[in-house]
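All remarks here apply to the structure that follows.
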Amino acid sequence: MDPRNLTRRQVLATASAGAVASMSRAIPAYGNLVKKAGKPAILGGQPVRQNKGWPEWPHWDQEVVDAVVKTTKSRIWCRIQSASGTVPTFEKQFAEMMGTKHCVATGSGTQALHTCVEALGIGPGDEVITSPYTDPGTIAAILSARALPVLADLDRRSYQLDPADVQRRITENTRAIMPVHMMGQPCDMQSIMRIAKQHHLPVIEDACQAHLAEYQGKVIGTIGDVGCYSFQSSKTIACGEGGGIIGNDDDLMDKCYTVHNHGTSRRGLTEVIGPKYRMNEFEAAVLLAQLPGVRERFARRNANAAYLTERLKDIPVVVPQKLYEGTTAGSFYLYATTYHKEHFNNADRAVFLKALAAEGVSLSPYIARGLHREPWVDHILESPVYKKMYSPERLRQYREQLPCPMCDAVCEEMAMLWASGPLLADKADMDDIADAIEKIYENRDLLRL
Ligand SMILES: *Cc1c(COP(=O)(O)O)cnc(C)c1O
């Protein structure tokens, strides 16, 4: 098969609406063709990128520092001390930014997700369908409610939930679908929402990586019943540890508030089961001071991602994440690609990553194994609590249906850039990334080990 044709077809398959649809053969304005030549650094040549750092993350400036000092001196450190403190103010501003009516801030993304699971009345005996390719916090939110996380397999090219497999895994005990917008780019929400409606299931969007990403003109996290965000240090809006729930349903969002406030409602009555998951005022101070630059950084990551994707389109060894039709903007928390060993003399991914790192460009294998392969599975299948709540037949079937071969493939093929900081760099830095990949690709015969 002609690899060039394959490349073009892959490019078409991965094209987002505007980003890479152009098939222009023009040499990109910033292309630095001189750098590509030469011996790989791993064999003693000159690295493409030397003694150059990347924009650091998380972001801070004097505004952030001043905000923390101001909160310290105010002695308002907890949200219940003031209706106009940093937490309620952040909730208002974040909801406005996302275009929703309500936001409830929490201590983490995991707490946000768990709060939604509880607020929807999901508990022992219930099942929630989600992805095996995600942060452990996603399933922790389901397990904390003693519900069963049912893991559906992935679309190998988008790394997102495969809607057809979601459909197959629905049982009479399914109570919700929790799509995860991996890398910060939207899932196939049209198909997922269609399935959810058909089965009358609420949708909890795990948008913990996907701040401000947009799909079919809607901000991610506003398509399902509720959307959950993380503000953990690495995320594109960060305060160390923090989270938030957004939504338009007055009753459900009121319940989320009650649940996250140890079951105590805004009316002051302790009404339901709930942990204490309140965000503190220092975290919100950091977030508030950071919000003004968020859109600009988001636009910059998107522009750099589109440029990088354009530069990579004729280098078949890595193929950027497939974006679904209707993706108008991604969050680009991570810039992810699939490593194609068939275009690298069938060499192990480690050989490629090592040669690339020597050029001064580090891509990561990211998640080592899907959550279906982690020991928590044995833990719950052998736990007296789960044995009490689920029939032996269901638990046997659960184990049988665990395999997620596409997720396994994704774990083996992933080559991604931690993007929160690096995608804020200049176009010349994006050229370094593409030049390094191209150089290693062109020298693949020398690197046969
Ligand atoms: C970070 C993350 C979480 C958990 O958020 P925390 O704030 O770390 O608890 C959940 N899901 C995904 C996809 C994440 O990336």
Side-chain angles (χ1 to χ4, degrees), residues 57-58 87 90 94 103-118 128-145 149 151-152 154-155 158-161 176-187 189 192 203-213 220-221 223-224 226-246 256 260 275-280 282-284 286-287 290 301 321 330-336 364 366-372 374 376 407 410-411 414 416-420:
W57 197 257
V87 175
F90 172 72
F94 191 67
C103 170
V104 173
T106 61
S108 72
T110 306
Q111 293 178 9
L113 289 163
H114 180 212
T115 298
C116 293
V117 169
E118 293 287 350
V128 178
I129 301 179
T130 192
S131 169
Y133 193 69
T134 179
D135 183 273
T138 307
I139 59 158
I142 300 164
L143 292 169
S144 297
L151 305 176
L154 308 183
D155 173 332
S158 70
Y159 330 128
Q160 314 281 16
L161 271 181
I177 303 175
M178 193 184 278
V180 186
H181 304 290
M182 277 309 275
M183 319 299 181
Q185 279 57 262
C187 291
M189 285 306 281
I192 289 171
V203 171
I204 305 168
E205 288 182 74
D206 181 341
C208 285
Q209 304 189 348
H211 314 75
L212 287 170
I220 281 301
I223 300 170
V226 276
C228 294
Y229 289 84
S230 166
F231 307 118
Q232 182 267 342
S233 288
S234 69
K235 309 293 161 91
T236 57
I237 302 177
C239 68
E241 300 284 4
I245 306 161
I246 58 170
C256 286
H260 107 298
K276 183 157 173 277
Y277 281 168
R278 295 194 300 244
M279 177 180 278
N280 74 49
F282 297 98
E283 292 162 336
V286 170
L287 292 171
Q290 195 179 111
R301 283 191 200 93
Q321 178 175 15
S331 193
F332 292 100
Y333 165 60
L334 309 171
Y335 183 90
S364 163
Y366 196 32
I367 294 169
R369 67 196 77 78
L371 287 169
H372 60 297
E374 294 280 352
W376 66 271
C407 177
V410 168
C411 290
M414 177 56 54
M416 69 79 175
L417 178 75
W418 290 101
S420 298

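Numbering of ligands and ligand atoms starts at 1, following listing order. Because only heavy atoms are used, hydrogens play no part in the values below, and waters and symmetry mates are left out as well, while side chains stay in.
- A donor atom on one side chain and an acceptor atom on the other are not found under 3.5 Å apart for T106 and H260.
- Residues that satisfy the salt bridge (Lys or Arg N to Asp or Glu O under 4.0 Å) test with D155, not counting sequence neighbours, are K322.
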**Message:** One pair to check against side chain to side chain contact (heavy atoms under 4.5 Å, CB included): I246 and V226. What are the steps and the verdict?
**Reply:** CA-CA 6 Å; I246 58 170; V226 276; over 6 Å; no
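- Here the shortest heavy-atom pairing between K235 and A238 reads O-CB, 3.6 Å.
- When every heavy atom of Q185 is checked against every heavy atom of F332, the shortest pair comes out as OE1-N, 2.9 Å.
- Listed by chain and number, residues touching ligand 1 at under 4.0 Å (heavy atoms only) are S108, G109, T110, T134, D135, T138, V180, D206, C208, Q209, S230, Q232, K235, G242.
- The nearest pair of heavy atoms linking G137 to T110 is CA-OG1, 3.4 Å.
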